[in-house]
2 protein chains.
Amino acid sequence: MTASDKADEQRFLEEYNPKDYLSPLVTVDVAIFTLIEGRLHVLLVKRANHPERGRWALPGGFIDAGQDTTLSEAAARKLEEKTGVTAPYLEQVYTVGDNTRDPRGWSVTVLYMALMAHAPTAAFVDSVADTRWWPLADAMGQDLAFDHRQLLDAARQRLSNKTAYTVLPVHTLDAPFTLTQLQQAFEEVLGAALEKKSFRRRILSADILDEVGEAPPPGGRGRPAALFRAKAGLGEHAFVRVVGEGK
Amino acid sequence: MTASDKADEQRFLEEYNPKDYLSPLVTVDVAIFTLIEGRLHVLLVKRANHPERGRWALPGGFIDAGQDTTLSEAAARKLEEKTGVTAPYLEQVYTVGDNTRDPRGWSVTVLYMALMAHAPTAAFVDSVADTRWWPLADAMGQDLAFDHRQLLDAARQRLSNKTAYTVLPVHTLDAPFTLTQLQQAFEEVLGAALEKKSFRRRILSADILDEVGEAPPPGGRGRPAALFRAKAGLGEHAFVRVVGEGK
DNA sequence: CAAAATTAGTGGCTTTACGCCAACAATAAC
DNA sequence: GTTATTGTTGGCGTAAAGCCACTAATTTTG
């Protein structure tokens, strides 16, 4: 860059005023999933303000240019405000933007998906007004704010697609868990039954779980199961194909 | 919604002024890949304006709130402006946003990846000033504008990851093509050799190609190969695992 | 306290997919 | 014609996956 170029750029930046540009509003929304009594649930918030006041919506909102330095930080912040915890798994799904989804004009939303165990969130979520876990089918069945029904559907699809070659569902369970619970989590997310022997072979040979002794029979019948928890640092990458058809 | 609610909302919308909000600038960038003489190339544009004037960058720019009604439409528009064609494959990769990547402050970029055959673009691309196809390694080797090196890398990774379970590389070839060419396209994208028999077994049993007669020997040696083209409507979904290790 | 019920975990056979390599086929170069 | 070169197919050994029944360790029930 020559000296005159540098001067040029300086001038450019001084003359630049963001209010001269009509930029879209940018929001971040998060589809937070957990497993409650074996069923997949999603966290929704009843909107307190216009537009769409009174409708249930995914947690989210505007970027706070002062507070947030990164999109994923913004997503993590919104998530913690509603659940009180840091999610063990947070992933960007996709971004929608157009001039029809919000009455205010061009708007852009970056959708994230998060997974977490239910127990640590239960008390906190109860304490936040107009916020609750919904069974996924019920959430999809109602008239959500904006295009959140589509967003939720996209997140759900991402989750089940990725479950074909990762171990994402572990993040929805409270540790420690049994292999049967884990298999049921996979089955719930996939909406399909898995073959027991194959599932166990693959999960165990993937070497992503630590065994933590026997199950103290919590009122359960039958032979007590071995207990496991996810190995530390299993945050992002754990590519394991754990799926077939099976009865 | 009650009547007073409706009035409320009306008032809200009338009082709303986008210039009251400091929104991030939103841009769309596209990593356009093609295969030239068997090597993967990416289209870059030399920036004509500040900031980063003179550096090579991915095609892209601001959303035109007047012209674009959708993010992907904006991406398609930028792509067509530079290549003269409509890409057979366009996919959103991910969105970066923070307050450090652009000297103007908070900015958000939605990254797309596109695949296309080279031949139909060659003449047009030549005619566009400061725009050319770069061999991928050369593109990655230089000092690209903004964080475009990372964006390009992310797009490349998405392409090779997805090639493990889709047939994306077909979109980089001029039709018709031979199975050997297709295999070489896969190998170039994956950076690894594939086993011939397995590759053919899977591609053919996937039933995504139409055979179009014999190859007119174009100066080539050896037995002439059968020619194929992708079945119509293979745009998005064609999930086929076509990869192993191989010699 | 014994038998039945229930859930966890394993053995072992069958089937399928894949990697590998060699044979065969069709063309150009010499 | 013979050789070199590239495309295409056959067939076999191996590893993984599906399947189903059997064993194991508990609680429940009569």
Side-chain angles (χ1 to χ4, degrees), chain A residues 37-38 163-167 173 175-188 190 192-229 239-247, chain B residues 37-38 163-167 173 175-188 190 192-229 239-247:
Chain A
E37 286 165 26
T163 295
Y165 56 95
T166 64
V167 291
L173 289 175
F177 47 81
T178 70
L179 288 185
T180 301
Q181 287 170 337
L182 184 58
Q183 180 173 344
Q184 284 166 350
F186 272 76
E187 291 175 336
E188 169 72 8
L190 290 167
L194 298 178
E195 212 283 322
K196 184 166 61 167
K197 187 68 186 296
S198 305
F199 180 81
R200 297 167 95 92
R201 257 197 301 238
R202 278 174 295 208
I203 280 284
L204 292 176
S205 71
D207 192 39
I208 51 169
L209 301 182
D210 283 327
E211 191 166 355
V212 292
E214 282 279 307
R221 291 178 304 196
R223 171 174 173 176
L227 290 177
F228 296 86
R229 66 175 66 241
F239 281 68
V240 191
R241 174 158 287 267
V242 199
V243 172
E245 291 296 89
K247 77 146 189 220
Chain B
E37 287 165 25
T163 295
Y165 57 94
T166 62
V167 292
L173 290 174
F177 46 81
T178 69
L179 288 185
T180 301
Q181 287 170 337
L182 184 59
Q183 181 174 343
Q184 284 165 351
F186 272 76
E187 291 174 336
E188 169 73 6
L190 290 167
L194 298 178
E195 212 283 322
K196 186 163 59 166
K197 186 70 187 294
S198 305
F199 180 82
R200 297 165 96 91
R201 254 196 303 239
R202 278 175 292 208
I203 280 283
L204 292 176
S205 71
D207 194 39
I208 51 169
L209 301 181
D210 282 327
E211 192 166 354
V212 293
E214 281 278 306
R221 291 176 305 196
R223 173 174 173 175
L227 290 178
F228 297 85
R229 65 176 67 240
F239 281 68
V240 190
R241 173 158 286 269
V242 200
V243 172
E245 291 297 271
K247 74 143 189 224

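Only a predicted model underlies this, so the values are computations on that prediction, with no experimental measurement involved. So that the names make sense, note that chain A is the first sequence line, chain B the second, and so on, each numbered from 1.
- Residue Glu195(A) contributes atom CD, which lies 12 Å from atom P of dA21(D) at whole-angstrom precision.
- Close to dA15(D), at under 4.0 Å from its OP1 or OP2, lies no side-chain N or O of Arg202(A).
- Under the 6.0 Å cut-off for aromatic ring centres, Phe199(A) and Phe186(A) qualify, their centroids lying closer than that.
- Between the side chain of Glu188(B) and the main chain of Ala185(B), no donor-acceptor pair closer than 3.5 Å is present.
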TODO: If a protein heavy atom is under 4.0 Å from the base, mark B; if only from the sugar-phosphate, S; if neither, -; do that for nucleotides 2-11 of chain D going 5' to 3'.
DONE: ---BBBBBBB

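- Between Ile208(A) and Phe228(A), the closest side-chain pair of non-hydrogen atoms is not below 4.5 Å.
- Atom CD1 of residue Ile203(A) and atom CG of residue Leu194(A) lie 10.0 Å apart, to the nearest 0.5 angstrom.
- For the side-chain hydrogen bond (donor to acceptor under 3.5 Å, both in side chains) test, no residue two or more places apart in sequence or in another chain qualifies with Gln184(B).
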